[in-house]
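This report refers to the structure that appears directly beneath it.
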Amino acid sequence: MDAVRVVQGTAVPLGRSDVDTDQIIPSEWLKRVERTGFGRGLFADWRVDRDFVLNQPEYAGARILLAGANFGTGSSREHAVWALQDYGFEAVVSPRFADIFRNNATKTGLLPVEVDAAVSDALLAAVRDDPSIELTIDVERRLIAAPAAGIEAEFALDDFTRDRFLHGLDDIGVALRYEAEIAAFEHPVVV
Amino acid sequence: MAAARTLSQKVWDRHVVRAVAGEPDLLYIDLHLVHEVTSPQAFDGLRLSGRKVRRPDLTLATMDHNVPTTDLSLPIEDPVSAKQIEALRRNCEEFGIRLYAMGEADQGIVHIIGPEQGLTQPGMTVVCGDSHTSTHGAFGALAFGIGTSEVEHVLATQTLAQRRPGTMAVTIEGELGAGVTPKDVILAVIGTIGTGGGVGHVIEYRGSAMRSLSMAGRMTVCNMSIEAGARAGMVAPDDTTFAYLEGRPYAPKGAAWERALDEWRSLATDDRAVFDREVVIDAADLRPHVTWGTNPAQVVPIDGAVPDPAAFEGSAREAAERALVYMALAPGTRIRDIEVDTVFIGSCTNARIEDLRAAASVIDGHKVRAGLRALVVPGSMRVKAQAEAEGLDKVFTAAGFEWRNAGCSMCLGMNPDQLAPGERAASTSNRNFEGRQGRGGRTHLVSPAVAAATAVAGHFATPEELD
């Protein structure tokens, strides 16, 4: 994956808790054998509604999605992450991510920014109040900030995952460095 | 003395290839199950980087998500589905992977065929690009769903870099009442702990009620662990597990079987082991459950009513309000008064032979309510053959059910089996998400027994109501 050091831009205030991966990318889109082109399917069923937040012109070009708690529940489909990225999102902010979604996001360079519920609420309010407000997410310092709204907060990201983002490491390449250990596990020496 | 450990910790420890402080453990994978939807991009990745599948012998593929469940002699109508099915066939050929293809005797839903073949065994690590991989935990295996990048990682290295999850005990103590099934147990668990209740944890299901369940029942419970956000669900292997496994095609034989039994018996959680979290549920309190909303935690006993969103706080209230609009339900509506258009008996949650027997025993001698569409989709072609040998297909078709071939079918509507907008289903599947069974479709999750009774009554019902 490509290195991600800083994500900077406007945000879409989705809110909503328990957004499952069937909403992020409906199953009819999963028949494709490619990795690209899923952006058109992002929140496909909700985008039919003209009032849906993604259809509001003031949020066009946003790079950050502000979601409610339990984002990405349900299916393991990595297509959900591909759809968010293909649409143009580089980071998702939520008080809690589903485990598999978070794993998938960290594999392909979509930054999962887990913040306290109070920070999440404050960011949502700020962006709803002024859609043009800029957010900055600093991976190295693990900080999310909306300076115009006076918000700055830390987010949780373990050192290992942070370093993978900063350096854009390829997981398979890393694991294959341990070929000797893998081979030893497969053929233990019986004493 | 060695520190006391839980079942999941023991299985984890047995598979650590490399552990370094501050990094995820590199975990060896014993069984990798593959299906057509989450694998094509992983195989492409291997080709791009010139990598091979490290252990094709530990990898098994099947076709389940996309396959039609009607006449298999006809070509697949949807060209995109057909292309994906064909891609799996080609990839398995190129990389030397066993494939149980559409139309073959061993084909079926990936989480039904692993156990059926005896491939899933206690103490193993099992992964698949599918969140319901937690099903295999019923055998005391550590089994979890992964995304496509991780599928590629396992294909290339037979390992995964994973953080050690927390441990959580869900203890269901006592005796289940008449008509209360494993599906009701897990729906009650999810209703209790919520969709995020298990995040970051492996749930071990314990207690006398769990011990009394068959392997099919344990699989139903473990299957939906992911709906509570858990990384995996497990049950300690015991004589029920061993009796199920003995003699299956891939189960150990002879002396190897005896050695395996000794090893499997040592996996149970140590008496002094401490779980990070514990939840206790009284089996005697449980009733058949029906979901009313758009996530599996939005659930009530069948004797109850659709709740008032005002009874919830904060984001749960907002979620309940949205769910009721989508489901077109008013607060206070009695669950038994809700009428359905469709009944679906199938999925990796409830399409084993035991589930079909349970539904057939309710249906026998009754008719599906006029105008209602009802279908049974067996979990595998072996389940289908077994059911036909027992005459269950005749019971279903005589009552007015459609009798289909194996696949995921209406659980997620990737094949032509879908709800139309506004249609309401009683479904034995695992997710009542918006649009899950077809855009605009409304799903209520239930047990096979309640699904069968509902097909006859036309509204949510328990079997005793039919007599």
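Just so we're on the same page: letters track the sequence lines, and every chain starts at 1.
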Mark yes or no for whether His35(B), through its side chain, and Gly129(B), through its backbone, hold a donor-acceptor pair below 3.5 Å.
-> yes

Gln158(B) side chain to Ile29(B) backbone, donor-acceptor under 3.5 Å = yes

Mind ranking Asn104(A), Asp22(A), Asp171(A) by heavy-atom pairs under 4.5 Å with chain B and telling me who comes out on top?
-> Asp22(A)

Segment of Arg96(A) engaging chain B (4.5 angstrom heavy-atom cut-off) = side chain

If one checks every heavy atom of Glu181(A) against chain B at 4.5 Å, the contacting part turns out to be both

So how far is it from Glu134(A) CD to Gln8(A) CD, rounded to the nearest 0.5 Å?
-> 5.5 Å

Which answer fits Val151(B), side chain, backbone, both or neither, if we ask what part of it has an atom under 4.5 Å from a heavy atom of chain A?
-> neither

Proximity breakdown for Thr159(B) and chain A, heavy-atom pairs closer than 4.5 Å = side chain

Under a 4.5 Å heavy-atom cutoff, which of Ile85(B), Thr38(B), Val80(B) has the most pairs with chain A?
-> Val80(B)

What option among Asp170(A), Val174(A), Asn103(A) has the most heavy-atom pairs under 4.5 Å with chain B?
-> Asn103(A)

Arg128(A), CZ: over 12 other non-hydrogen atoms inside 6.0 angstrom | yes

Contact origin within Glu152(B) toward chain A - heavy atom pairs under 4.5 Å = both

Here the gap from Arg32(A) atom CZ to Gln41(B) atom CD, rounded to the nearest 0.5 Å, amounts to 9.0 Å

Aromatic ring proximity, centroids under 6.0 angstrom, Tyr28(B) and His15(B) = no

Output the option from Ile182(A), Thr73(A), Asn70(A) having the highest count of non-hydrogen pairs under 4.5 Å with chain B.
-> Ile182(A)

Pick whichever of Lys83(B), Arg55(B), Gln84(B) has the most heavy-atom pairs under 4.5 Å with chain A.
-> Gln84(B)

Any donor-acceptor pair under 3.5 Å linking the side chain of Gln56(A) with the backbone of Phe52(A)?
-> yes

Given Val67(B), Asn66(B), Asn415(B), the one that forms side chain to side chain contact (heavy atoms under 4.5 Å, CB included) with Ser81(B) = Asn66(B)

Could you check which of Glu36(B), Gln418(B), Arg163(B), Glu318(B) has the highest count of heavy-atom pairs closer than 4.5 Å to chain A?
-> Arg163(B)

Do any N or O atoms from the side chain of Asp64(B) and from the backbone of Val110(B) form a donor-acceptor pair under 3.5 angstrom?
-> yes

Top contributor to chain A interface from Gly200(B), Gly435(B), Gly229(B) [non-hydrogen pairs under 4.5 Å] = Gly200(B)

Is it true that Asp13(B) and Arg164(B) make a salt bridge, defined as a side-chain N closer than 4.0 Å to a carboxylate O?
-> yes

With sequence neighbours excluded, what pairs up with Glu23(B) under the salt bridge (Lys or Arg N to Asp or Glu O under 4.0 Å) test?
-> Arg18(B)

With a 4.5 angstrom heavy-atom cut-off, which part of Ala183(A) approaches chain B: side chain, backbone, both or neither?
-> both

For Glu186(A), is it the side chain, the backbone, both or neither that has a heavy atom under 4.5 Å from a heavy atom of chain B?
-> side chain

Please confirm whether the backbone N or O of Gly109(A) pairs with a side-chain atom of Asp2(A), one donor and one acceptor, at under 3.5 Å?
-> no

Go through Ala156(B), Pro24(B), Gly22(B) and name the one with the most non-hydrogen pairs under 4.5 angstrom from chain A.
-> Pro24(B)

Applying a strict 4.5 Å limit to non-hydrogen atoms, the region of Arg431(B) in contact with chain A is side chain

With chain A, which of Glu227(B), Gln162(B), Arg51(B) has the greatest number of heavy-atom pairs at distances under 4.5 Å?
-> Arg51(B)

Side chain, backbone, both or neither: which part of Asp78(B) has an atom under 4.5 Å from a heavy atom of chain A?
-> side chain

Go through the atoms of Ile146(B) and report whether side chain, backbone, both or neither lie under 4.5 Å from a heavy atom of chain A.
-> backbone

Region of Ala87(B) in contact with chain A, defined by heavy-atom distances below 4.5 Å | side chain

Taking every heavy-atom pair that is under 4.5 Å apart, which of Ser17(A), Ser76(A), Ala44(A) has the most such pairs with chain B?
-> Ser76(A)

Check for a donor-acceptor pair, side chain of Arg102(A) on one end and backbone N or O of Phe97(A) on the other, with a separation under 3.5 Å.
-> no

When Gly74(A), Ala69(A), Ala98(A) are compared by non-hydrogen pairs under 4.5 Å with chain B, the top option = Gly74(A)

Heavy-atom pairs under 4.5 Å with chain B are the metric here; pick the option from Thr161(A), Leu176(A), Asp159(A) that has the most.
-> Leu176(A)

Between Ser75(A) and chain B, which part of the residue has a heavy atom less than 4.5 Å away: side chain, backbone, both or neither?
-> both

With sequence neighbours excluded, what pairs up with Tyr326(B) under the side-chain contact (heavy atoms from CB on, under 4.5 Å) test?
-> Thr294(B), Glu434(B), Arg442(B)

